[in-house]
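Right, one structure below, let's go through it.
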Amino acid sequence: MFKRKDLLGIQDLQREEISTILDTAESFKEILTRPIKKVPTLRGKTVINFFHEPSTRTRISFEIAAKRLSADTINISPSTSSLIKGESLKDMAKTLEAMNPDIIVIRHSAPGAPHLLAQVAKFSVINAGDGAHEHPTQALVDLLTIKEHKGKIKGLQIAIVGDILHSRVARSNIFALGKMGAKVRLIGPPTLIPPFIEQLDVSIEHSLEKGIRDCDVIMLLRIQLERQKRVFFPSIREYARLYGLTPDKLIKAQEGVLIMHPGPINRGVEIDPRVADAPFSLILDQVTNGIAVRMALLYLILGGKR
């Protein structure tokens, strides 16, 4: 069962709650294949999307998910909100609360912003990414995609490659995959691996070719240049040479390996175009599943069945 008012992170969820979200998302995928892709489940509910950072996939998938469930949607950006005039996030939350929305989906550059919003407001809150902290809905999307193509999650070896230090997707996936019984291996230069992260029951490898050998899934991450305050490697060219996944390097992986990337991808840096567009690449499957997972979360949190 899932009886939470908010979804703020994966770390707080129980395995049974994750399973409920994934099962619900699987049932909603059928709606996306209908000629009329809409059900009246959340008619009369209001969903506000507040994205303080740029986003294409997450913002649009939340908007489509809400509209597929017949909810009313409102989009707010920093340039159109009173935050640009100096209003605090708390005061903005109280102002919105007076308008009686049902749920706010928030992406913010400050870690913990969704948690603050959930503490001061009565409406529900979904964390769509807070700084370098967590991105829970993306991790749920990745779980659903892996489960669809591998038939299971427990016991799989998952490699996460790239800028682990600054990636909220990596953190949420470490929590999610661990809770569901997968083994996680982090691959990247030493400067982009967080200190003491082994305490989260993950293994670490600094060689891409060695790290991917026995993996079932390779999850690539882009370099988070916008969050880096200093230089972590000599050049983009050197990073691409050592950690960019090319067909030649992929030969070292086991047969049947699947490629994932939360997007946006930087072709020629962390991933070769021939790998990104290969039949075993699940990048577009992740985008499709993003709508189903976010439909499931809106449904479960807002109590659509009632």
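Computed from heavy atoms alone, side chains included, the values below leave out hydrogens, waters and symmetry copies.
- With salt bridges taken as basic N to acidic carboxylate O contacts below 4.0 Å, one links Glu30 and Arg34.
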Query raised in the report: So Asp214 and Arg185, salt bridge (charged side-chain N to carboxylate O under 4.0 Å, His left out) or not? Walk me through it.
Result: CA-CA 10 Å; Asp214 58 344; Arg185 178 178 301 154; 2.7 Å; yes
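- When each of Val293, Ile291, Thr56 is paired with Ser61, the side-chain contact (heavy atoms from CB on, under 4.5 Å) condition holds for Ile291 and for no other.
- Heavy-atom neighbours of Lys5 NZ from other residues, nucleotides or ligands within 6.0 Å: above the threshold of 12.
- The closest side-chain heavy-atom distance from Ile104 to Leu96 is below 4.5 Å.
- Heavy-atom minimum distance, Lys249 versus Gly244: NZ-O, 2.9 Å.
- Contact check for Ile158 versus Ile218: no side-chain heavy atoms found under the 4.5 Å cut-off.
- Asn289 and Thr145 are linked by a side-chain donor-acceptor pair at a separation below 3.5 angstrom, with hydrogens and angles left out of the test.
- Remark: Asp272 engages Arg274 in a salt bridge, criterion side-chain N to carboxylate O under 4.0 Å.
- Under the 3.5 Å distance criterion, the side-chain polar atoms of Asn127 are matched with a main-chain donor or acceptor of Leu8.
- A side chain to side chain donor-acceptor pair (under 3.5 Å) with Asp216 is found for one member of Gln254, Gln157, Lys150 and no other, namely Gln254.
- Checked for salt-bridge contact, Lys3 and Glu17 miss the test: no charged N lies under 4.0 Å from a carboxylate O.
- Glu53 and Ser109 share no donor-acceptor pair across their side chains, judged by distance under 3.5 Å alone.
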**Report entry** Intermediate values then yes/no, side-chain hydrogen bond (donor to acceptor under 3.5 Å, both in side chains), Thr20 and Asp23
**Finding:** CA-CA 5 Å; Thr20 297; Asp23 291 343; 5.9 Å; no
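- Counting heavy atoms of neighbouring residues, nucleotides and ligands inside a 6.0 Å radius, atom CZ of Arg15 exceeds 12 of them.
- Across every non-hydrogen atom of Gly211 and Cys215, the tightest pair is O-SG, 3.3 Å.
- Classification of Glu97 and Lys94 as a salt-bridged pair holds, one side-chain N sitting under 4.0 Å from a carboxylate O.
- The nearest pair of heavy atoms linking Val125 to Pro114 is CG1-O, 3.8 Å.
- Contact check for Leu140 versus Leu297: side-chain heavy atoms found under the 4.5 Å cut-off.
- Of all heavy-atom pairs spanning Leu177 and Val184, the tightest one is CB-CG2, 3.7 Å.
- Between Arg107 and Pro54, the shortest heavy-atom contact is NH1-O, 3.5 Å.
- The shortest side-chain heavy-atom distance between Leu221 and Val161 does not fall under the 4.5 Å cut-off.
- In this structure the side chain of Arg57 never reaches within 4.5 angstrom of the side chain of Gln138, judged on heavy atoms.
- A donor-acceptor contact closer than 3.5 angstrom is absent between the side chains of Gln286 and His261.
- Environment of NZ in Lys183: sparse, with no more than 12 heavy atoms of neighbouring residues, nucleotides or ligands closer than 6.0 Å.
- Hydrophobic clustering keeps Val217 apart from Leu284 (ILVMFWY residues linked when any side-chain heavy atoms are closer than 4.5 Å, directly or through intermediates).
- Checked against the 6.0 Å centroid threshold, His133 and His115 count as a close aromatic pair.
- Across Ile153 and Ala182, no two heavy atoms sit closer than the pair O-CB, 3.6 Å.
- When Ile48, Thr46, Leu117, Ile103 are each tested for a side-chain contact (heavy atoms from CB on, under 4.5 Å) with Phe123, only one passes: Leu117.
- For the pair Arg294 and Phe62, the distance from NZ or CZ to the six-membered ring centre is under 6.0 Å and the angle to the ring normal is within 45 degrees.
- A heavy-atom distance below 4.5 Å is found between the side chains of Leu13 and Arg4.
- Within a 6.0 Å radius of NZ in Lys122, no more than 12 heavy atoms belonging to other residues, nucleotides or ligands are found.
- Under the 4.5 Å side-chain criterion, counting only non-hydrogen atoms from C-beta, Phe50 is not in contact with Val105.
- The hydrophobic clustering, which links ILVMFWY residues whose side-chain heavy atoms are closer than 4.5 Å, places Leu258 and Val287 apart.
- Using a 4.5 Å heavy-atom cutoff, the side chains of Tyr243 and Leu220 are not in contact.
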